[in-house]
Amino acid sequence: MRLSHFRSLLHDEFGEARGSSLARDHVFAELGGRSAEQAIEAGIDPKRVWDVICTAYDVPADRRLGRD
């Protein structure tokens, strides 16, 4: 997954302000105690990061690939 697609999914699901804050401020144990931004900077695939966010925030399966 490209970083631009990750950001698009994040902002579509959570809104631009909340999505940006979530990616910067929320620390996920599943990402080694990193925020989403830190995980991506450390080389973790944005798809893996997106999957972790979706699980943590109970994003329905039908919206994990984006809204129609």
Side-chain angles (χ1 to χ4, degrees):
M1 172 184 290
R2 291 185 171 275
L3 184 56
S4 60
H5 188 220
F6 166 80
R7 293 203 190 284
S8 176
L9 291 171
L10 184 69
H11 293 158
D12 284 350
E13 183 61 34
F14 297 102
E16 192 165 338
R18 183 170 181 229
S20 294
S21 176
L22 184 154
R24 182 183 59 249
D25 300 328
H26 188 99
V27 173
F28 298 90
E30 299 85 353
L31 298 174
R34 297 178 179 103
S35 69
E37 287 184 0
Q38 290 169 330
I40 290 169
E41 287 174 10
I44 297 174
D45 183 359
K47 175 150 182 26
R48 168 79 177 123
V49 175
W50 177 243
D51 289 340
V52 167
I53 291 171
C54 288
T55 299
Y57 284 89
D58 296 320
V59 174
D62 63 335
R63 290 200 321 247
R64 292 184 179 205
L65 297 177
R67 296 180 186 254
D68 289 336

Heavy-atom nearest pair, I53 first then A36, reads CD1-CB, 4.0 Å
Residues V59 and R64: closest non-hydrogen pair is O-NE, 2.9 Å
Set of side chain to side chain contact (heavy atoms under 4.5 Å, CB included) partners for [X], sequence neighbours left out:
| X | value |
| --- | --- |
| L65 | none |
| Q38 | R34, S35 |
| S21 | R24, D25 |

Salt bridge (Lys or Arg N to Asp or Glu O under 4.0 Å) filter on R18, not counting sequence neighbours, yields none
Enumerate donor-acceptor pairs with a distance under 3.5 Å from any side-chain N or O in residues 4-12 to protein atoms, sequence neighbours excluded.
from, atom 1, to, atom 2, distance (Å)
H11, ND1, R7, O, 3.4
H11, NE2, S20, OG, 3.2

> What's the verdict on side chain to side chain contact (heavy atoms under 4.5 Å, CB included) for F28 and V49, showing C-alpha distance, side-chain angles and the deciding distance?
Replying inline: CA-CA 9 Å; F28 298 90; V49 175; over 6 Å; no
Q | Within one Ile-Leu-Val-Met-Phe-Trp-Tyr cluster: F14 and M1, side-chain cutoff 4.5 Å | A | yes
For residues 49-58, the side-chain hydrogen bond (donor to acceptor under 3.5 Å, both in side chains) pairs (sequence neighbours left out) are H26-Y57, K47-D51
Q.
Using modelled atom types and a 3.5 Å cut-off, is there a donor and acceptor pairing between side-chain atoms of R63 and backbone atoms of E13?
A. no
